[in-house]
Amino acid sequence: MAVVSKRKTASVKKSSHGHNPVKQRKQEVTSPKSRKKIKTISDVPKLDQAQRQNNIRQKLAMGVIFYLTVGIAVLYWRGTTQLPEIPQDLQSKMSESYGQDNEKVNLSRKYNNDSSQNTENITNQPENESNHHIEETTEDENAILDFIPTIQKNFKFLPYPAEPGNPVRKWKEIKYKKHKNTSSVRVYIMDNFLSSRECDGLMRAHENHVREHNKQAPIICFSGLVTMRLYLKQAKVSWADKVSESDFTSGTRCLNQSLSSQLNGRLVWSRSTSFYPGESKFSSQYEERVEHYAGLKPQNGGKFQVTSYGQGVGYKLHTDCKEHNTDRRDRFATILVYLQDVQSGGETEFTELDIKVKPKKGRALVWNNMDANGNCDLTSYHQAATVQKGKKYILQRWYYYENFPTLGKRTWEPEIPARTFGLTPRVMCDRFDSGSCRWYDEWNHDHLTNYRVPGN
Ligand SMILES: O=C(O)CCC(=O)C(=O)O
Ligand SMILES: [Fe+2]
């Protein structure tokens, strides 16, 4: 290149007196030396003309650069500002990859008014769908703006370091033989994952809430009419055969206050109170602990649920994910911590794996319900054995394979029957063959916000 420009300079020098404007331009551009030479009086008109042409060219070039810059800026602006605004626009994010796993997440599915995940939503729920513990999902544009999609498809276990009075604690994988070669399910256990004080604080907060809400008979809801009949028959209710869809209050699968009261004391149920991420110091400490020692991402976790089982109460065989589900906004993993010992019964049993775990204060149990591809693994079937003696308390949190904007956030109340008291709890009876009845304090979104870890 250097050689070429030298040659050009030489030829321009030779013709500097001619009338070739192209050459004249070359001279100016390529040779500062020759520019000095042409500043003679006789050359001025030629120079003016050349300069004018040069100016025009410069302006043209600047114009092109300006429009190009503006064009690129507009394209960039459209790309960055349009995407997060409204659900439909999230379609354009479909091909983007997110999260630590760098997985592609199809966001468009999350805003298609699909209520199939919403199986605790008592309205429009298909009778034949498993109804166990699936939170309501609602569209919340504010949540969408901050939303970071992530995938949770594995664990990362670390030992929990020693603390005063506690040696190093290690996760132990519970080995099983049944379905060993076909099951993706891994079950891990660690004792003293929660301290005795933490367990006591959670039980106390739970009991306070139950006491507060239990002043009223709960409104009782079922996953459908067939389910309701089966529960009523089991409870030997004389009007079991007479119930029809019209007994549900409008827009719900719940009985009105008067019919609900007639069932109070005739059905058995466990009781759950919930709190949500960020609502207490404990919730933050706990989710960080779970992330650090088990690798479960806080943003893929739902609410925190404390459940108690009285004597004679359990929870039938079920999976925490939805069987044959193709939607991966489902429960990849469960972490369950027993908050106190149970004198007899109350074990968590994995019938397909021949695993039976005894409740022990502070003991954590973690397992996956879905495989690494996001399919619900039916060998994760488990049940809470009936408590024979004593009372069982657990803290549970579910971690979802694909998270979604309303996960772990309080959602709006579903359609609910008229009731006299704001604090009226509800009982949800899930599918008879693979569910049970459970009492919830979640009509009014008033939860354990004031919970503090004792001593903090
Ligand atoms: O209480 C237990 O041992 C298990 C509870 C459970 O599986 C559930 O609530 O999903
Ligand atoms: Fe479960």
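Excluded from the calculations below are hydrogen atoms, water molecules and symmetry mates; all remaining heavy atoms, backbone and side chain alike, are included. One-based numbering, in listed order, for ligands and for the atoms of each.
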message = Under 4.0 Å from a heavy atom of Ala384: which atoms of ligand 1 are those, numbered in the order shown and with their elements?
response = 1 (O), 2 (C), 3 (O), 4 (C)

key: Lys392: numbered ligand 1 atoms lying under 4.0 Å from its heavy atoms   = 1 (O), 2 (C), 3 (O)

ask   = Is the backbone N or O of Lys409 less than 3.5 Å from a side-chain atom of Thr406, with the two atoms forming a donor-acceptor pair by type?
value = no

ask   = Would a distance-only check, ignoring hydrogens and angles, find a side-chain to backbone donor-acceptor pair under 3.5 Å from Arg289 to Phe193?
value = yes

Check whether any N or O atom of [X], backbone or side chain, sits under 3.5 Å from an N or O atom of ligand 1, and answer yes or no.
X	value
Asp320	yes
Arg438	yes
Glu347	no
Gln383	no
Tyr338	no

task = Starting from the Fe ion (ligand 2), look over the N/O/S atoms of His382 and name the nearest one.
result = NE2

request  = With the Fe ion (ligand 2) as the reference point, give the N/O/S atom of Asp320 that is nearest.
outcome  = OD1

query = Are a donor atom and an acceptor atom from the side chains of Glu207 and Tyr393 found within less than 3.5 Å of each other?
reply = yes

query = If you measure only the distance, is there a donor-acceptor pair under 3.5 Å linking the side chains of Ser270 and Arg438?
reply = yes

message = With a cutoff of 4.0 Å, is Gln305 in contact with ligand 1, counting heavy atoms of the residue only?
response = no

request  = Return yes when Glu349 approaches ligand 1 closer than 4.0 angstrom through a heavy atom, no otherwise.
outcome  = no

ask   = Parallel, tilted or perpendicular for His382 and Trp367, by the 30°/60° rule?
value = perpendicular

task = Could you pull out, from Tyr381, Phe350, Trp398, Tyr309, the option with a heavy atom nearest to atom 5 (C) of ligand 1?
result = Tyr309

Should the proximity of [X] to ligand 1, defined as any heavy atom under 4.0 Å, be assigned to the side chain, the backbone, both, or neither?
X	result
Leu336	side chain
Tyr393	neither
Ile394	side chain

query = Given Leu336, which of Arg363, Gln396, Gln305 fulfils the side chain to side chain contact (heavy atoms under 4.5 Å, CB included) condition?
reply = Gln396

request  = Supply the atom-to-atom distance Glu245 CD to Leu225 CG, rounded to the nearest 0.5 angstrom.
outcome  = 5.0 Å

task = To the nearest 0.5 angstrom, please state how far the CZ atom of Arg397 sits from the OG1 atom of Thr334.
result = 12.0 Å

ask   = So do Cys221 and Cys254 have their SG atoms closer than 2.5 Å?
value = yes

